[in-house]
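What follows is a short report on a single structure.
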Amino acid sequence: TRLEDLRVKLENEGLVNISYVVVNHQGPYSQRKFHLLKESVSDYITVYQQDEQQADVWTTLNGSKDDFLIYDRCGRLVYHLGLPYSFLSFQYVEESIKIAYCENKCGNCSYTEPDIDDVCENITRSADEKLAEIEPKPTGQHSHQHNLRGHRHHHHH
């Protein structure tokens, strides 16, 4: 349900045409619980059921069952988030989706839509406003300003 909440939030912010896929684990317990997983998300989120005979998707993707793999429009892996960064109660997944949606880190993409610039400009502006609220204000001549954004690491496989 948190993934559905995130999907709706991002769509309301103008981030549309994003595909969400949940990959069910191959084990017998997960196979039996597939219907519960499918019922817990909307029709906008695909739940993929692995066949027990196929190569495990998570092994193929070099990940594990609680990971988020975030791809750009051209199918290039931009982020691979594992625990604890994949907990939806944190902002990592949301921010990673926004970055993959808005930034052309891997070069030009033929699937970029014309409306994206306005949407991404609004996202960047609101992020900058939030940072301005939490950045310490200089109180004297010896105070130092710190960049709270940190560094973004991209993992390519």
Side-chain angles (χ1 to χ4, degrees), residues 1-26 30-31 33-51 53-134 147-157:
T1 57
R2 283 191 176 178
L3 183 58
E4 177 63 18
D5 293 343
L6 176 58
R7 185 196 70 76
V8 170
K9 178 183 182 200
L10 292 175
E11 192 170 284
N12 288 338
E13 291 179 12
L15 280 77
V16 295
N17 296 325
I18 296 176
S19 299
Y20 298 85
V21 179
V22 174
V23 177
N24 194 27
H25 190 264
Q26 255 182 325
S30 296
Q31 298 277 323
K33 299 292 185 181
F34 174 74
H35 67 284
L36 295 174
L37 179 59
K38 185 107 173 94
E39 290 168 8
S40 68
V41 297
S42 76
D43 291 339
Y44 296 103
I45 299 175
T46 301
V47 180
Y48 177 72
Q49 178 62 60
Q50 297 188 74
D51 187 278
Q53 309 308 315
Q54 77 181 79
D56 177 48
V57 169
W58 291 114
T59 302
T60 303
L61 296 174
N62 210 15
S64 57
K65 71 178 188 69
D66 293 316
D67 290 0
F68 272 85
L69 285 87
I70 299 168
Y71 295 85
D72 68 8
R73 285 176 184 77
C74 294
R76 298 172 291 210
L77 180 65
V78 180
Y79 288 100
H80 181 163
L81 302 174
L83 291 174
Y85 303 103
S86 59
F87 285 125
L88 289 174
S89 52
F90 298 134
Q91 296 291 307
Y92 300 109
V93 173
E94 178 179 344
E95 292 303 315
S96 297
I97 291 172
K98 288 177 178 179
I99 291 166
Y101 194 92
C102 291
E103 293 185 7
N104 294 321
K105 289 290 184 192
C106 299
N108 288 333
C109 180
S110 59
Y111 299 107
T112 301
E113 297 171 20
D115 308 358
I116 288 176
D117 289 341
D118 292 339
V119 169
C120 292
E121 189 177 310
N122 290 338
I123 288 169
T124 304
R125 189 179 316 112
S126 71
D128 288 343
E129 288 168 5
K130 284 180 194 170
L131 276 176
E133 289 173 16
I134 60 172
N147 181 359
L148 298 177
R149 283 184 191 251
H151 297 286
R152 296 181 180 138
H153 297 281
H154 296 276
H155 302 280
H156 300 284
H157 300 283

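The two residues I70 and A100 make their nearest non-hydrogen contact at CG2-CB, 3.7 Å. Counting all heavy atoms, side chain and backbone alike, A55 lies closest to T60 at CB-OG1, 4.1 Å. Smallest separation of non-hydrogen atoms from H80 and L61: CE1-O, 4.0 Å.
Remark: side-chain polar atoms of N12 are not paired, donor with acceptor, to backbone N or O of K9 under 3.5 angstrom.
In this structure, the separation between NE2 on H25 and OG on S64 is 9.0 Å, given to the nearest 0.5 Å. Atom-to-atom distance recorded for K98:NZ and Q91:CD is 7.0 Å, nearest 0.5 angstrom. Note that CD of E11 is 8.5 Å distant from CG of N17, once rounded to the nearest 0.5 Å.
The side chain to side chain donor-acceptor pair (under 3.5 Å) test applied to T46 returns no partner, not counting sequence neighbours. Remark: Q49 pairs with N24, Q31, F34 by the side chain to side chain contact (heavy atoms under 4.5 Å, CB included) rule, at least two apart or across chains. Scanning for side chain to side chain donor-acceptor pair (under 3.5 Å) contacts around Q26 gives an empty result, with sequence neighbours left out. D51 is linked by a side chain to side chain contact (heavy atoms under 4.5 Å, CB included) to Q53, Q54, counting only residues two or more places apart in sequence or in another chain. Partners of L6 by side chain to side chain contact (heavy atoms under 4.5 Å, CB included), not counting sequence neighbours, listed by chain and number: L10, L88, V93, E94, I97. Residues passing the side chain to side chain contact (heavy atoms under 4.5 Å, CB included) test with Y92, sequence neighbours excluded: L81, Y85, F90.
Residues V8 and E4 have side chains in contact (heavy-atom distance under 4.5 Å, counting atoms from C-beta outward). Counting heavy atoms from C-beta outward, S42 and R7 have side chains that approach closer than 4.5 Å. Residues W58 and Q50 form a side-chain contact, since some pair of their non-hydrogen atoms from C-beta on lies under 4.5 Å apart. Contact annotation: the side chain of I18 approaches that of Y20 to within less than 4.5 Å [non-hydrogen atoms, C-beta and beyond]. The closest side-chain heavy-atom distance from V16 to Y101 is below 4.5 Å. Considering only heavy atoms from C-beta on, Y79 comes within 4.5 Å of I99 through its side chain.
Environment of OH in Y71: crowded, with over 12 heavy atoms of neighbouring residues, nucleotides or ligands closer than 6.0 Å.
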